[in-house]
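The block underneath contains the structure these notes are about, expressed in structure tokens.
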Amino acid sequence: MSAPARSVWAKHDRRTDGWLPLWRHMADSAAVAGRLWDHWLPDQVRRRIADALQGGAGTARTLTVFLACTHDIGKATPAFACQVEQLADPMRRHGLDVPLEKRIRQDRKLAPHGLAGQLLIQEWLVERHGWAKRATLPFTIVAGGHHGVPPEAGAIEALRSHPHMLRTRGSEPEWKAVQYELLDHAAAATGAADHLAEWSGVKLPQPVQVLLTAVVIAADWIASNPDLFPLFPGDRQHDPDRAEHAWRLLDLPAPWRPRDPGPDTGDLFEARFDLPPGAKVRPVQEAAVTAARDLGGAGLLMVEAPMGEGKTEAALAAAEILAAHTGAGGCFFALPTMATGNAMFPRLLSWLERLPVPEGHTRHSVHLAHSKAALNRDFTRLMWSSGRSAHIDPDGGTDHWDHRADEVRTSAELVAHHWLRGRKKGMLASFAVGTIDQLLFVGLKTRHLALRHLAVAGKVVVVDEAHAYDTYMGRYLDRSLSWLGAYGVPVVVLSATLPARRRRALAEAYAGVRSSDADFAPLAQEDAYPLVTAVKRGGAPALYRPAASGRSTRVSLERLGDGLDALAERLSAELADGGNALVIRNTVARVHDTAERLRERFGHESVTVAHARFLDLDRAANDEDLLRRFGSPDEVAELDGGRPTGPHVVVASQVAEQSLDIDFDLLVTDLAPVDLMLQRMGRLHRHMRGSGQGDRPPRLRTARCIVTGADWSSGVPTPLSGAKIYGPYLLLRTAAVLEGRLAAADTGDAAASAVSLPDDISPLVQAVYGDAPLGPRGWHSAIDRQREGFEVSLAEQRHKAEGFLLGDVGRDGRSLVGWVAAGAGDADDTRAGRQQVRDTPDTIEVLVLQRRVDGTVATVPWLSEGRGGRELPTEAVPPDELARTVAACGLRLPFEFTFEQTAMKAIEELEDDVFPAWQAKECHWLAGELLLILDEECRRQLSGFLLHYSRSDGLKVSRAQ
């Protein structure tokens with residue numbers, strides 16, 4: 001949009017340079033909004049806005065551009081103009097009284113320009129165009145909230161009581177003339193003047209208000225970028241190509257434009273995924289694709305199926321179909337942890353590279369959404385290669401996205417676009433993998449929440465491991481799903497072990513119905529497994545009951561006392577002819593104690609430790625090592641020696657529970673809630689193994705799970721591990737539901753002791769999370785005593801979550817006034833941000849280094865690729881590559897350091913090791929980080945505890961002597 005042919009202010013003889021920057025920014029913002037609408041917003045978002053207006057997409061675009069043009073009209077007020085005296089003084093000469101800033105400094109706080117603009121546009125609509133005052137709010141709130149927080153009712157009334165902040169006493173007519181003239185011209189220039197009458201009767205839905213606010217924020221940020229829109233353009237201030245030049249320079253990738261892949265599911269899976277020869281689409285995958293087609297548009301799809309059934313591939317195939325039917329412009333895959341997100345990221349990239357590009361060469365913007373994404377090698381390769389004609393691998397070679405201009409591409413170029421790398425903009429990329437926190441933030445009252453909503457409103461959202469989220473997180477997930485349903489966002493939820501009540505709650509949240517709705521009652525009783533559930537917003541659910549794939553495992557259960565000697569003896573006997581065992585403990589302390597005892601029996605090299613208390617780099621290497629040695633046959637075949645023949649024991653915490661495709665001959669597990677027990681059993685006999693893949697020893701050819709972590713000697717078992725983590729109630733109900741099988745094993749009845757996977761998964765989970773009494777009658781009173789505490793804990797979690805929980809979607813026409821009132825302020829994927837949506841104690845994160853005998857500080861010595869043992873400058877900023885290595889040595893201190901006094905003392909001691917030079921702004925990897933500097937033996941005393949770190953065992957913590 002170019003500047004007016006006849007000056008806005010010339011009509012009243014008020015031409016002054018004071019208004020040039022304002023009008024220029026209004027025009028630039030409008031032009032950017034138009035280009036965002038035309039070239040960047042997904043069809044799914046544009047349709048949602050257009051559906052709220054009578055005139056369709058063209059009218060919706062006009063409204064968007066008009067709101068962007070007028071969002072800063074609040075700067076045409078004395079409260080704003082008084083800040084720059086050299087601009088205010090010429091205004092005074094033209095009859096616009098501007099008080100000195102120091103005279104109105106206190107009152108100015110009542111008139112931020114966003115709120116001032118909201119009131120000015122409201123008055124203009126009422127006085128100039130006859131709108132009802134209440135009808136203006138859903139439209140004017142966009143200006144009021146364009147700095148991230150829609151105003152509250154109290155703030156609006158406070159400014160109304162100080163009208164001199166909008167127009168100085170004595171020159172009210174002059175100020176109003178300027179303000180209205182600017183608004184009149186904005187309406188004329190954008191075409192909004194022709195639609196104002198019809199808009200006055202529109203009850204704009206809250207989701208549409210949010211989307212419009214987010215688009216205006218994005219347009220404002222782009223138009224405020226001096227690299228794109230120079231502040232002093234000289235002869236180009238009226239250049240009609242100014243916005244086009246900026247848009248070309250910004251070069252934002254367009255959204256995904258998916259097409260329906262066709263009716264043949266087999267062809268779809270063969271084209272999109274690297275399937276082994278002879279592989280066929282499994283029934284649950286076929287059902288997921290069918291359900292996605294039957295939805296015909298937006299809806300919630302829940303896929304419940306056993307571990308290893310290809311749920312991820314089913315979700316991506318369904319996402320492609322759902323996106324084609326809804327106009328979604330991308331996909332977000334939400335996972336429980338950073339580690340699972342990192343594992344998923346290359347799988348998403350592989351899928352993206354197989355997507356067709358029907359219109360020739362295009363680009364897809366991609367983002368890895370967690371706080372340590374910059375340390376992920378796949379993502380950094382994208383950042384290095386994006387925007388370069390030659391794609392350079394940071395490790396020195398060329399990466400697999402390299403291309404030449406004369407090549408014919410069959411897939412889109414994947415880019416980590418520079419403008420989409422900020423912490424508030426990253427999720428705006430078309431495709432993203434990240435932690436579940438990014439989705440839970442949609443339900444958290446926080447600044448710039450509108451941008452988070454826009455980021456998901458144009459995508460298909462996939463929620464993996466839905467069973468892994470507790471009651472506190474579940475409240476945020478439910479509220480987020482409610483808003484996604486209101487936006488018309490397709491959602492795919494994946495789980496191996498989803499309690500029926502939770503299934504119903506998720507469906508009701510998305511559909512926007514009350515829990516008393518009879519149509520949803522069957523979801524709480526359905527016991528089919530696998531199961532695919534589909535539901536539309538406001539509709540009744542549809543159930544699909546695919547057959548099992550035919551892949552089944554019978555796992556014989558046994559119990560064992562909790563003594564380490566007994567465990568060592570048992571494993572020694574079981575692994576006498578070789579083989580690999582997985583021992584899963586509920587705490588890291590038990591992992592360490594167990595590994596120490598087993599190494600005495602099997603030797604150090606035959607026992608591997610895996611848990612979360614490793615440096616980030618070490619933990620990633622641990623996961624890779626487990627996959628190489630104990631993963632799928634295709635992965636293991638790449639090893640020179642193949643799968644270890646054993647005996648070998650991996651002692652792990654819950655990190656081995658999910659998202660690692662590993663296969664063991666024998667499982668020993670602490671007693672845990674039944675859904676987690678079943679996840680652990682999914683690591684048993686996971687793959688068919690033939691010659692050359694390390695055939696299972698004869699005594700281990702039957703899958704067996706040995707349950708420990710409890711005192712089985714009394715009438716009712718006493719959990720010895722996990723009670724503080726999971727609570728005794730679920731542990732006792734799990735023991736009760738398994739008691740018949742465990743008792744059969746005690747008598748030698750192997751057949752009766754078995755759990756059949758997948759057939760028994762749903763019945764066991766529904767029984768434990770249901771209400772019916774379980775186990776021997778003599779157990780009932782003990783379980784009932786624990787139930788009260790369990791229910792109190794759930795109620796406390798639900799209540800605690802309400803503090804910053806976003807309200808549900810309001811009725812059409814209700815404005816966003818006070819939308820995020822009493823919110824959490826800024827929240828992002830940092831430790832503090834995550835704690836808003838996770839009910840976890842405040843943890844201390846440190847970067848681990850080593851101080852040598854000579855006093856120099858270095859990276860720990862065992863890091864691979866030449867990164868270990870590198871000396872670090874402490875009086876200067878380390879080179880970027882070296883600083884990045886240090887940043888990748890992050891570690892969270894354990895629960896001992898979550899207690900307030902211990903944590904405060906630890907932080908005080910750690911701050912003594914801060915290097916001032918590393919706090920420089922240019923040292924972005926290390927500034928503000930705490931350092932844990934170990935001695936030459938990798939030990940350190942901290943806040944009364946002795947810390948010892950080793951590459952083999954991670955961090956050990958004990959009381960200092």
Side-chain angles (χ1 to χ4, degrees), residues 555-574 581-598 600-601 611 649 651-654 656-657 666-681 684 704-750 752-755 764 767-769 773-790 793 895:
V555 180
S556 295
L557 299 187
E558 306 173 39
R559 57 180 142 213
L560 181 68
D562 199 50
L564 292 178
D565 289 340
L567 176 62
E569 290 293 334
R570 183 62 181 275
L571 288 176
S572 183
E574 298 289 353
L582 173 63
V583 179
I584 298 184
R585 297 307 212 186
N586 289 336
T587 67
V588 176
R590 283 175 64 83
V591 169
H592 285 146
D593 292 343
T594 303
E596 183 178 355
R597 179 65 186 87
L598 294 181
E600 295 173 2
R601 177 59 63 97
H611 53 72
V649 183
V651 187
S653 67
Q654 294 90 335
E657 216 166 67
L666 178 69
L667 172 68
V668 178
T669 175
D670 281 346
L671 181 66
V674 70
D675 48 338
L676 305 184
M677 295 273 286
L678 292 166
Q679 290 279 349
R680 296 173 185 186
M681 291 180 206
L684 263 177
R704 282 182 293 146
C705 171
I706 300 172
V707 184
T708 184
D711 180 359
W712 307 102
S713 61
S714 58
V716 180
T718 302
L720 300 175
S721 167
K724 291 184 179 180
I725 301 172
Y726 306 115
Y729 176 72
L730 289 180
L731 296 180
L732 285 177
R733 284 188 67 86
T734 297
V737 82
L738 299 177
E739 173 59 20
R741 292 173 170 84
L742 295 171
D746 293 341
T747 63
D749 188 349
S753 73
V755 171
L764 289 174
V768 168
Y769 287 92
L774 295 175
R777 184 177 298 275
W779 293 25
H780 293 175
S781 60
I783 295 175
D784 288 343
R785 285 194 299 272
Q786 297 297 338
R787 179 171 186 153
E788 181 179 354
F790 174 72
S793 176
F895 78 94

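All values reported here derive from a predicted model rather than from experimental measurement.
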Problem set entry | Stepwise side-chain contact (heavy atoms from CB on, under 4.5 Å) check, Leu678 with Val755 | CA-CA 9 Å; Leu678 292 166; Val755 171; 4.2 Å; yes
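- The side chain to side chain contact (heavy atoms under 4.5 Å, CB included) check on Ala656 picks up Leu582, Ile584, Ala652, Ile662, with sequence neighbours excluded.
- Residues satisfying the side chain to side chain donor-acceptor pair (under 3.5 Å) test with Glu600, not counting sequence neighbours, are Arg597.
- For Ser572, the side chain to side chain contact (heavy atoms under 4.5 Å, CB included) test picks out Arg601, Phe602, with sequence neighbours left out.
- With rounding to the nearest 0.5 angstrom, the CG atom of Leu676 is 8.5 Å from the OG1 atom of Thr734.
- A pairwise comparison of heavy atoms in Ser721 and Asn586 identifies OG-CB, 3.2 Å as the closest pair.
- For the atom pair CG of Asp670 and CZ of Arg680, the computed distance is 6.5 Å after rounding to the nearest 0.5 Å.
- Scanning both residues, Val737 and Ala767, for their nearest heavy atoms gives CG2-CB, 3.9 Å.
- Summarising the geometry, atom CG belonging to Leu742 is positioned 11.0 Å from atom OG belonging to Ser556; distances are rounded to the nearest 0.5 Å.
- Panel note: side chain Trp712, backbone Leu560; a donor-acceptor pair is recorded below 3.5 Å.
- Here the CG atom belonging to Leu738 is positioned 5.5 Å from the CE atom belonging to Met677, to the nearest 0.5 angstrom.
- For the salt bridge (Lys or Arg N to Asp or Glu O under 4.0 Å) condition, the pairs that include at least one residue of residues 704-720, sequence neighbours left out, are Glu558-Arg704, Glu574-Arg704.
- Every residue meeting the side chain to side chain donor-acceptor pair (under 3.5 Å) condition with Arg741, not counting sequence neighbours, appears here in chain and number order: Asp760.
- For the pair Val583 and Arg590, the minimum side-chain heavy-atom distance is 4.5 Å or more.
- Shown here are the ring pair (Phe, Tyr, Trp, His ring centres under 6.0 Å) partners of Tyr726, two or more places apart in sequence or in another chain: there are none.
- Looking at residues two or more places apart in sequence or on another chain, you find a side chain to side chain contact (heavy atoms under 4.5 Å, CB included) between Ala589 and Thr587.
- Scanning all heavy atoms of the two residues, the minimum distance from Ala710 to Leu671 falls at CB-CD2, 4.3 Å.
- Residues satisfying the side chain to side chain donor-acceptor pair (under 3.5 Å) test with Ser753, not counting sequence neighbours, are none.
- Every residue two or more places apart in sequence or in another chain that forms a side chain to side chain donor-acceptor pair (under 3.5 Å) with Glu739 is listed here: Arg559.
- In this structure Tyr729 satisfies the ring pair (Phe, Tyr, Trp, His ring centres under 6.0 Å) test together with Phe790, sequence neighbours excluded.
- Val588 meets the side chain to side chain contact (heavy atoms under 4.5 Å, CB included) test with His592, His611, Arg613; sequence neighbours excluded.
- Under the 4.5 Å side-chain criterion, counting only non-hydrogen atoms from C-beta, Leu666 is in contact with Leu571.
- Side chains of Thr669 and Cys705 form a contact here, defined as non-hydrogen atoms less than 4.5 Å apart.
- How far CG of Leu731 is from OG1 of Thr718: 11.5 Å, rounded to the nearest 0.5 Å.
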Would you give me the side-chain donor-acceptor pairs under 3.5 Å for residues 776-783, sequence neighbours excluded?
from	atom 1	to	atom 2	distance (Å)
Trp779	NE1	Gly715	O	3.0
His780	NE2	Leu774	O	3.3
His780	NE2	Gly775	O	3.2

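- Separating the OG1 atom in Thr708 from the CZ atom in Arg570 is a distance of 11.0 Å, to the nearest 0.5 Å.
- The two residues Ala752 and Ala744 make their nearest non-hydrogen contact at CB-CB, 3.6 Å.
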For this session: List the steps and the verdict of side-chain contact (heavy atoms from CB on, under 4.5 Å) for Val649 and Thr594.
Result: CA-CA 10 Å; Val649 183; Thr594 303; over 6 Å; no
